[in-house]
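Here's the structure, in structure tokens; my notes come after.
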Amino acid sequence: MPISDWQSPAAYEHAQDIAAAGMAWEYLRRDDEYRRAFQRMKTLPVPKSGGRKAFSERWGLRFPCRSGAACRPHACLLDTGTLA
């Protein structure tokens, strides 16, 4: 994420064109608890059985994927990126 003043209305002029899922992500990725939970999940060498599913359900995340080999279940976490 580019560093910007997320409290500035000008930083969100693009928001009128964002779908509901994109707007939800804009809020979620700023949630300190989500960011800490993500970092904990990311540092585990092997997530606990059902850990990714529990993480996804806890945060209301959905990961529709393409059919066939393009769908990779291990790529199911959303990184918050670098926030200022």
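Starting from 1, each residue takes its place in the sequence as its number.
In the hydrophobic clustering of ILVMFWY residues, with side-chain heavy atoms under 4.5 Å counting as a link, I18 and Y27 come out together.
Rounded to the nearest 0.5 Å, atoms CZ (R35) and CD (Q39) are 8.0 Å apart. In this structure, the separation between OG1 on T43 and CZ on F38 is 10.0 Å, given to the nearest 0.5 Å.
R58 has a carboxylate O that lies under 4.0 Å from a charged side-chain N of E33, or vice versa, which qualifies the two as a salt bridge.
Between Y34 and F55, the ring center distance clears the sub-6.0 Å criterion.
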